[in-house]
There are 2 protein chains.
Amino acid sequence: MAENNVYRKLLMQKGLRITNVRVKVLEILDGAETPMTVEEVFNLLRNMITSVNLSTVYRTMDVLLKNGLVEKTTLMDFNKSMYEYKRVEHKHHLVCTVCNRMISIEDCPIDEYAREMCNKQGFELTGHKLEIYGICPNCK
Amino acid sequence: MAENNVYRKLLMQKGLRITNVRVKVLEILDGAETPMTVEEVFNLLRNMITSVNLSTVYRTMDVLLKNGLVEKTTLMDFNKSMYEYKRVEHKHHLVCTVCNRMISIEDCPIDEYAREMCNKQGFELTGHKLEIYGICPNCK
DNA sequence: GTGCATGCAAAGTCTTTGCAGGATA
DNA sequence: TATCCTGCAAAGACTTTGCATGCAC
């Protein structure tokens, strides 16, 4: 239950109510290697909680997103929203265009570049997203 | 009609039939500053062609995509497919998180980086996508 | 003329919303 | 207890598909 407290604390800090679903969703996403679809999270949840509803998962994702606890992604050519636990050090992904498998990349080469581009256009930087597409060894 | 021939030639080179819709879609996307939604393309098409159907536009996008004549994008937090004319020199975009306005960025800092990451993981590089998010001057 | 493209209508998939009952603070 | 969360069902948005007709080659 110790790690659970991490998620409870996060929710509390954001002034959100601590509910079973929210804690479990954070736990699932934090434990995931890569972004997950809503349905994937939902399926895991069903094994942990007696009764959950898909729409609750959608609403939960929305709340977590608006409060900066998760990030939302959409792959090109895969029309489903994917969510990932938001860490301090952000990650990018290598995505297989055949099987959609994703591998996390730790280091980020473009923080500086993003800052420059925003300055040049008068934008206030809020973030960036980089995905590298390729064909993984299994699919070659 | 001169530029039109460019698109006709492109279609021909790919072994595709040259139809009014396909030529016009390429023309529209080529003339656009930024990626467009299917609906946006559809609305422009209606002013150019007497009768078009949304599903035809979807099918056209699909054909053009599979033949490498356009690229598909999905912004985070905006669940619509967007398409853009595929040029030799690819572009990235600065996206306003408030109004979704996009600005094209010409130079790309990560070709080399993408290659390295793929090599390291045994992937065969097929492409990458970079989007920088911020708040544009109008929305600040 | 043959085969692919298109219009039209219907279905499919993912996501959102309204409302009543239930849980949290 | 007041307020927010959740389950359930229905609706909504975007996209895909089947079939008959029309057009490109």
Side-chain angles (χ1 to χ4, degrees), chain A residues 4-5 7-26 28 35-46 48-67 69-70 72-83 100, chain B residues 4-5 7-26 28 35-46 48-67 69-70 72-83 100:
Chain A
N4 237 337
N5 288 330
Y7 310 122
R8 291 173 185 280
K9 193 172 287 179
L10 273 177
L11 291 169
M12 203 181 305
Q13 284 169 351
K14 295 289 180 181
L16 298 173
R17 288 203 175 169
I18 296 167
T19 71
N20 209 352
V21 175
R22 288 175 181 176
V23 173
K24 297 291 185 203
V25 167
L26 285 172
I28 288 171
M36 296 178 74
T37 64
V38 173
E39 203 183 348
E40 286 168 343
V41 174
F42 175 59
N43 286 330
L44 288 185
L45 272 177
R46 288 207 286 198
M48 308 167 83
I49 297 178
T50 45
S51 141
V52 218
N53 193 278
L54 227 202
S55 64
T56 302
V57 183
Y58 273 103
R59 280 192 271 230
T60 300
M61 292 304 190
D62 211 48
V63 169
L64 298 180
L65 181 69
K66 288 206 168 73
N67 284 276
L69 298 178
V70 302
K72 188 176 180 179
T73 304
T74 16
L75 302 186
M76 90 187 163
D77 224 355
F78 182 63
N79 284 346
K80 291 183 189 177
S81 301
M82 308 191 80
Y83 293 87
N100 272 328
Chain B
N4 239 338
N5 289 329
Y7 311 122
R8 290 173 186 280
K9 194 171 285 178
L10 273 175
L11 292 168
M12 203 182 306
Q13 285 168 353
K14 295 290 180 181
L16 298 172
R17 290 206 174 167
I18 297 167
T19 71
N20 208 354
V21 175
R22 288 176 180 175
V23 172
K24 297 290 185 203
V25 167
L26 286 172
I28 289 173
M36 296 178 75
T37 63
V38 173
E39 203 182 349
E40 287 168 341
V41 173
F42 174 59
N43 286 330
L44 289 186
L45 271 178
R46 289 207 284 196
M48 308 168 85
I49 297 178
T50 46
S51 141
V52 217
N53 193 276
L54 228 202
S55 64
T56 302
V57 183
Y58 274 104
R59 280 192 271 228
T60 301
M61 292 304 190
D62 212 48
V63 169
L64 298 180
L65 180 68
K66 289 206 167 74
N67 284 276
L69 297 178
V70 302
K72 188 176 180 179
T73 303
T74 15
L75 301 186
M76 92 187 163
D77 225 353
F78 183 64
N79 283 345
K80 291 183 190 177
S81 301
M82 307 190 82
Y83 293 87
N100 272 328

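Just so it is clear: chains get the letters A, B, ... in the order the sequence lines come, proteins before strands, and each one is counted from 1. We use all heavy atoms of the structure for the numbers below, so side chains are in, but hydrogens, waters and symmetry mates are not.
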**Report entry** Pairwise side-chain contact, A:Met61 with A:Val41, heavy-atom cut-off 4.5 Å (strictly under)
**Finding:** yes

Requested in this report: Using whole Å, report how far CZ of B:Phe78 lies from C1' of D:dA13.
Outcome: 12 Å

Report task. Starting from P on D:dT16, measure out to CG on A:Asn79 and report it in whole angstrom. Result -> 7 Å

Query raised in the report: To the nearest Å, how far apart are B:Lys66 NZ and C:dC4 P?
Result: 15 Å

Query raised in the report: Between B:Ser81 and D:dT15, does any side-chain N or O lie under 4.0 Å from OP1 or OP2?
Result: yes

Query raised in the report: Roughly how bent is the helix from C:dG1-D:dC25 to C:dA25-D:dT1 end to end, in steps of 10 degrees, with each end axis from five pairs?
Result: 40°

Query raised in the report: Whole Å only: how far is the NZ atom of B:Lys72 from the P atom of D:dC14?
Result: 14 Å

Query - A:Lys72 vs B:Asn79 side-chain heavy atoms within contact, under 4.5 Å - result: yes

Query raised in the report: What is the distance, rounded to the nearest whole Å, between atom CZ of A:Arg22 and atom C1' of D:dG7?
Result: 15 Å

Report summary line: Atom CG of B:Leu54 and atom C1' of D:dA13 are separated, to the nearest Å, by 12 Å

Query raised in the report: Ignoring hydrogens and geometry, is there a side-chain-to-backbone donor-acceptor pair from A:Lys14 to A:Asn67 under 3.5 Å?
Result: yes

Requested in this report: Respond yes when some side-chain nitrogen or oxygen of B:Ser55 is under 4.0 Å from OP1 or OP2 of C:dG7, and no when none is.
Outcome: no

Query - Contacts of type side-chain hydrogen bond (donor to acceptor under 3.5 Å, both in side chains), residue A:Asn20, not counting sequence neighbours - result: none

Requested in this report: Pick base, sugar-phosphate or nothing for A:Val52, based on heavy-atom distances below 4.0 Å to the nucleic acid.
Outcome: sugar-phosphate

Query raised in the report: Is B:Tyr58 near enough to D:dT15 that one of its side-chain N or O atoms lies under 4.0 angstrom from OP1 or OP2?
Result: yes

Query - Rounded interatomic separation in angstrom, taking CG from B:Asn53 and P from D:dT15 - result: 14 Å

Query raised in the report: When we call it a touch if two heavy atoms are under 4.0 Å apart, what does A:Ser51 touch: a base, just sugar-phosphate, or nothing?
Result: sugar-phosphate

Report task. Starting from the 5' end of DNA chain D, give me the residue, A:Ile49 or B:Lys80, whose nearest nucleotide shows up first. Result -> A:Ile49

Report summary line: Readout for nucleotides 19-25 of chain D: B = base within 4.0 Å of protein heavy atom, S = sugar-phosphate only, - = neither; 5' to 3' it is -----BS

